[in-house]
**Q** 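Structure below; questions to follow.
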Amino acid sequence: MAESEKEAALPPKDEFSEWYNELLWMAEIMDVRYPVKGLYVWYPFGFAIRRNTYNIIREILDNSGHQEALFPLLIPENEFMKEAEHIKGFEDEVYWVTHGGRDPLDIPLALRPTSETAIYPMYKIWVRSHADLPVKIYQIVNTFRYETKHTRPLIRLREITSFKEAHTVHATWEDAEAQVKEAVRLYTEIYRRLGVPVLRSRRPDWDKFPGADYTDALDAVMPDGKTLQIGTVHHLGDNFAKTFDIKYEAADGEQRYAHQTCYGISERSIAATISIHGDDKGLVLPPEIAPVQVVIIPIIFKNGAEEVLAACKDVKERLTKTGVKVEIDASDLRPGAKYYKWEMKGVPLRLEIGPRDLQNNVAVAVRRDTGEKEQILLTEIEAGVRSRFEAIHENLYQKAKAELENRIFDCTELEEVKEKIQDGVATIPWCRKRECGLAMEDVIGAGILGIPLEQKKDRKEKCPICGEETETRVYVARTY
Ligand code: 5CA
Ligand code: ZN
């Protein structure tokens, strides 16, 4: 694409929606011009971010006893229609394949909106005895949901291209509950690696996954104060085991229904990461997911160009050997234009090397997150870059954590909640009765996000609807 097409400036991050859309385009993450609503194209640069992000997800799952597998995209109608609650939750969102060529199919096939009904008929065959448990399998696939709310790249898709779903099977309800806790911990760790702090809460009953006993969720707070659900963990009880007849032989020889969990993350993980860290100049990427981690800019005058270029190549080679992804920008662009370009792409560290730096045996390092300039001795460039990466990652997380904490407002009145959710997340006492929860949502005009998984149970307060005493506070937020 021509450089001239991209010269228009990025809107300031304060105008979040415009900033987000322009950034995806200018930093070459997604192309939204594909002619089907809700379907978008990954550019190679965006796809590299995706690959690096999903490497973290794979690593953390593989190291905690999960195995990756792959199930079919198409689900026969009769399997899909087995679990009543699940059908109710998804039937308006399913795409159906009804023909093979010109022949109507005997059994219509659903494009998976999620894969319970593709995986559990196989689990019925695979699970025989208590010795087979637990099963912990995940897959990373595309899923399809005919979303009727406003679609947005990476945030609300009709083809979710990067759906990581894990499906586990356990002997008892308690074992499954322990797995839910473990999954919340693993997801928190994934987001820690992305520098993204999360809110963790139990969804109210009316907002749980269709077919689940309960749903725990991770949410990020976006720059406009709205929350984005970036991961969910569901305790399925034995609901699906009963409909799909997943039984195991217990140690005492008896046949028992299994208990299950499932948990998912999508490319919303990338939407949150780039939205939370980015700034007015473009992307700011945590080093671990940056497709280019260091860009070297040779500062060239009439004399000494060869020495400078040779030194840049040497630095690149040495960094590459330690696994750092490096580019040298020796193009004809003016230095200012080069800075603009690589800042837009979120490159964590820029190294400038000119004749005077060579005399001093240093490179000038400029951090993308802070703009700080420091000299690094060329003889110590590997360690110098490594330690900057760690500092950048930590700074991104701490900054985001402070911003998140500033956006949580403890309220006692519903009117106050209405006002505060314009800027972030409110908390308010709730007696946990359904009718009070729904009444609150009505007055506020926004939903209850959930009951925080870590409650500060220090005092009794009054439910603003019925006046009953309670130790529970809930998050209320505007959501994506
Ligand atoms: N089977 C379960 C666990 S994998 C399931 O489908 N859960 S879910 O419906 O909550 O989806 C898992 C996660 O995918 C959500 O928490 C959300 O972060 C993400 N997600 C859901 N719908 C979309 C969508 N239309 N576009 C992008 N991401 C989505
Ligand atoms: Zn109440």
**Q** A166 and H66: which non-hydrogen atoms are nearest, and at how many Å?
**A** CB-CD2, 4.4 Å
**Q** Looking at side-chain heavy atoms only, is the closest gap between P355 and V308 below 4.5 Å?
**A**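 Contact flag for P355/V308 side chains = yes.
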**Q** Taking only Lys NZ, Arg NE, NH1 and NH2, and the carboxylate oxygens of Asp or Glu, determine whether E374 and R367 approach each other closer than 4.0 Å.
**A** no
**Q** Among D175, T168, D213, whose side chain to side chain donor-acceptor pair (under 3.5 Å) with T261 holds?
**A** T168
**Q** List the atom pairs, donor and acceptor, that lie under 3.5 Å between side-chain atoms in residues 280-297 and the rest of the protein, sequence neighbours left out.
**A**
from: D280; atom 1: OD1; to: K13; atom 2: N; distance (Å): 2.8
from: E288; atom 1: OE1; to: R193; atom 2: NE; distance (Å): 2.9
from: E288; atom 1: OE2; to: R193; atom 2: NE; distance (Å): 3.3
from: E288; atom 1: OE2; to: R193; atom 2: NH2; distance (Å): 2.8
from: Q293; atom 1: OE1; to: K325; atom 2: N; distance (Å): 2.7
from: Q293; atom 1: NE2; to: P287; atom 2: O; distance (Å): 2.9

**Q** Looking only at atom types and distance, does a side-chain atom of S387 sit under 3.5 Å from a main-chain N or O of G384, one as donor and one as acceptor?
**A**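 Side chain of S387 to backbone of G384: a pair is present.
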**Q** Decide, yes or no, whether a salt bridge links R192 with E394 under the criterion of side-chain N to carboxylate O below 4.0 Å.
**A**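 Result for this pair is yes, salt bridge flagged.
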**Q** Below 4.5 Å, heavy atoms only, C-beta onward: do W42 and M30 meet side chain to side chain?
**A**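 With C-beta onward as the side chain, the pair touches.
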**Q** Of all heavy-atom pairs between D224 and F16, which one has the smallest distance, and what is that distance?
**A**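 Of all heavy-atom pairs spanning D224 and F16, the closest is OD2-CD2, 3.7 Å.
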**Q** Before we go on, tell me: are the rings of F71 and W126 under 6.0 Å apart, centre to centre?
**A** yes
**Q** Is the closest side-chain heavy-atom distance between I140 and R58 below 4.5 Å?
**A** yes
**Q** Would a distance-only check, ignoring hydrogens and angles, find a side-chain to backbone donor-acceptor pair under 3.5 Å from E380 to I376?
**A** no
**Q** Roughly how far, to the nearest 0.5 Å, is the CG atom of N361 from the CD1 atom of I381?
**A**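 If we round to the nearest 0.5 Å, I381:CD1 and N361:CG are 9.5 Å apart.
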**Q** Of all the heavy-atom pairs spanning R112 and N142, show the shortest one and how long it is.
**A**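 Smallest interatomic distance, heavy atoms only, reads NE-O, 2.7 Å.
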**Q** Can you tell if the side chain of L10 reaches within under 4.5 Å of the side chain of Y340, non-hydrogen atoms only?
**A**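 Counting from C-beta outward, L10 and Y340 never come under 4.5 Å.
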**Q** Apply side chain to side chain contact (heavy atoms under 4.5 Å, CB included) to T427 and V474, showing your working.
**A** CA-CA 5 Å; T427 77; V474 281; over 6 Å; no
**Q** So, N395 side chain and A391 main chain: donor-acceptor pair closer than 3.5 Å or not?
**A** no
**Q** Measuring from atom CZ of R473 to atom OH of Y475, what distance do you get when rounded to the nearest 0.5 angstrom?
**A** 11.5 Å
**Q** Quick one: closest heavy-atom pair of P464 and M440, and the distance?
**A**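 The pair with the smallest heavy-atom distance is CG-SD, 3.6 Å.
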**Q** Going by atom types alone, do S64 and E182 pair a side-chain donor with an acceptor below 3.5 Å?
**A**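 No, E182 and S64 have no side-chain donor paired with an acceptor closer than 3.5 Å.
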**Q** For the pair E405 and K401, find out whether any cationic side-chain nitrogen is under 4.0 Å from an anionic carboxylate oxygen.
**A**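 Salt bridge flag = yes for K401 with E405.
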**Q** Does the distance from a Lys or Arg side-chain N to an Asp or Glu carboxylate O, for E382 and R318, drop under 4.0 Å?
**A** yes
**Q** Side-chain contact test, heavy atoms from C-beta onward, threshold under 4.5 Å: evaluate it for L404 versus V425 and give yes or no.
**A**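 SC-SC contact between L404 and V425 ruled out.
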**Q** Within 45° of the ring axis of Y480 and under 6.0 Å from its six-membered ring centre, is that where the NZ or CZ of K226 lies?
**A** yes
**Q** Report the C-alpha separation of E415 and K420 in whole Å, then their side-chain angles, then the decisive distance to 0.1 Å, and conclude whether the salt bridge (charged side-chain N to carboxylate O under 4.0 Å, His left out) test is met.
**A** CA-CA 9 Å; E415 282 308 310; K420 293 299 185 188; over 6 Å; no
**Q** Can you tell me how far the CD1 atom of I276 sits from the NZ atom of K399, to the nearest 0.5 Å?
**A**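 Interatomic distance, I276 CD1 to K399 NZ, rounded to 0.5 Å: 12.0 Å.
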**Q** Do you know the tightest heavy-atom contact between A176 and H259?
**A**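 Shortest heavy-atom contact: CB-CB, 4.1 Å.
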**Q** So, Q179 side chain and H170 main chain: donor-acceptor pair closer than 3.5 Å or not?
**A**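 No, Q179 side chain to H170 backbone: no donor-acceptor pair under 3.5 Å.
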**Q** Determine whether a donor-acceptor pair (N or O, by modelled atom type, separation under 3.5 Å) exists between the side chain of W19 and the backbone of D279.
**A** yes
**Q** Short question: side chain of Y187, backbone of Y263 - any donor-acceptor pair under 3.5 Å?
**A**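 Checking the backbone N and O of Y263 against the side chain of Y187, a donor-acceptor pair under 3.5 Å is found.
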**Q** Cation over ring, R350 on Y339, under 6.0 Å and within 45°?
**A**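 Yes.
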**Q** Establish, yes or no, whether the cationic atom of R158 lies under 6.0 Å from the six-membered ring centre of Y146 and within 45° of the ring axis.
**A** yes
**Q** Counting only heavy atoms from other residues, nucleotides and ligands, does the tally under 6.0 Å from CD of E413 exceed 12?
**A**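 Count not over threshold, so no.
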**Q** Take R50 and E267, measure what salt bridge (charged side-chain N to carboxylate O under 4.0 Å, His left out) needs, and give me the verdict at the end.
**A** CA-CA 8 Å; R50 177 193 187 272; E267 52 256 67; over 6 Å; no
**Q** Above 12 or not: heavy atoms from other molecules or residues under 6.0 Å from CD of E174?
**A** yes
**Q** Flag yes if more than 12 heavy atoms outside Y95 fall under 6.0 Å of its OH atom; otherwise flag no.
**A** yes
**Q** I need the H277 NE2 to R368 CZ distance, nearest 0.5 Å.
**A**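 Taking NE2 in H277 and CZ in R368, the distance rounds to 12.0 Å.
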**Q** Under 3.5 Å, is there a donor-acceptor pair linking the side chains of T322 and R386?
**A** no
**Q** Is the distance between the ring centroids of F90 and F209 under 6.0 Å?
**A** yes
**Q** Tell me which one of L236, D205, V180 satisfies side-chain contact (heavy atoms from CB on, under 4.5 Å) with Y214.
**A** V180
**Q** Give a yes or no on this: more than 12 heavy atoms of other residues, nucleotides or ligands lie within 6.0 Å of atom CD of Q455.
**A**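 Yes, CD of Q455 has more than 12 neighbouring heavy atoms, counting only those of other groups under 6.0 Å.
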**Q** Is any side-chain heavy atom of T53 closer than 4.5 Å to a side-chain heavy atom of T273?
**A**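 Counting from C-beta outward, T53 and T273 never come under 4.5 Å.
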**Q** For G354, is there any backbone N or O sitting under 3.5 Å from a side-chain donor or acceptor partner on D357?
**A** yes
**Q** Would the distance check show the side chain of R478 and the main-chain N or O of Q422 forming a donor-acceptor pair, the cut-off being under 3.5 Å?
**A**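 Flag set: sc R478 to bb Q422 pair under 3.5 Å.
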**Q** Using a 3.5 Å distance criterion without hydrogens, assess whether the side chain of E441 forms a donor-acceptor pair with backbone atoms of I448.
**A** yes
**Q** Do Y123 and D132 pass the side chain to side chain donor-acceptor pair (under 3.5 Å) test, and can you show the C-alpha distance, the side-chain angles, and the key distance before you say yes or no?
**A** CA-CA 11 Å; Y123 278 4; D132 299 328; over 6 Å; no
**Q** Heavy-atom count check: over 12 atoms from other residues, nucleotides or ligands less than 6.0 Å from N303 CG?
**A** no
**Q** Distance check, rounded to the nearest 0.5 Å: K338 atom NZ versus D332 atom CG?
**A** 7.5 Å
**Q** Indicate the atoms forming the closest heavy-atom contact of Y120 with C262, along with that distance.
**A** OH-CB, 4.0 Å
**Q** Do the side chains of E116 and H167 get nearer than 4.5 Å, heavy atoms only?
**A**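 Of all side-chain heavy-atom pairs linking E116 with H167, at least one is under 4.5 Å.
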**Q** Can you confirm whether R156 sits close enough to H150 that some side-chain heavy atom of one is under 4.5 Å from a side-chain heavy atom of the other?
**A** no
**Q** Would you give the length of the straight line joining atom CD1 of I353 to atom CD1 of I299, rounded to the nearest 0.5 angstrom?
**A**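 Spacing of CD1 (I353) from CD1 (I299) equals 9.5 Å.
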**Q** Without swapping roles, check the side chain of R51 against the backbone of F47 for a donor-acceptor pair under 3.5 Å.
**A** no
**Q** Hey, is R268 close enough to D219 for a salt bridge, meaning N to O under 4.0 Å?
**A** no
**Q** Might you work through the side chain to side chain contact (heavy atoms under 4.5 Å, CB included) test for L73 and F144, ending with a clear yes or no?
**A** CA-CA 9 Å; L73 163 65; F144 294 82; 3.7 Å; yes
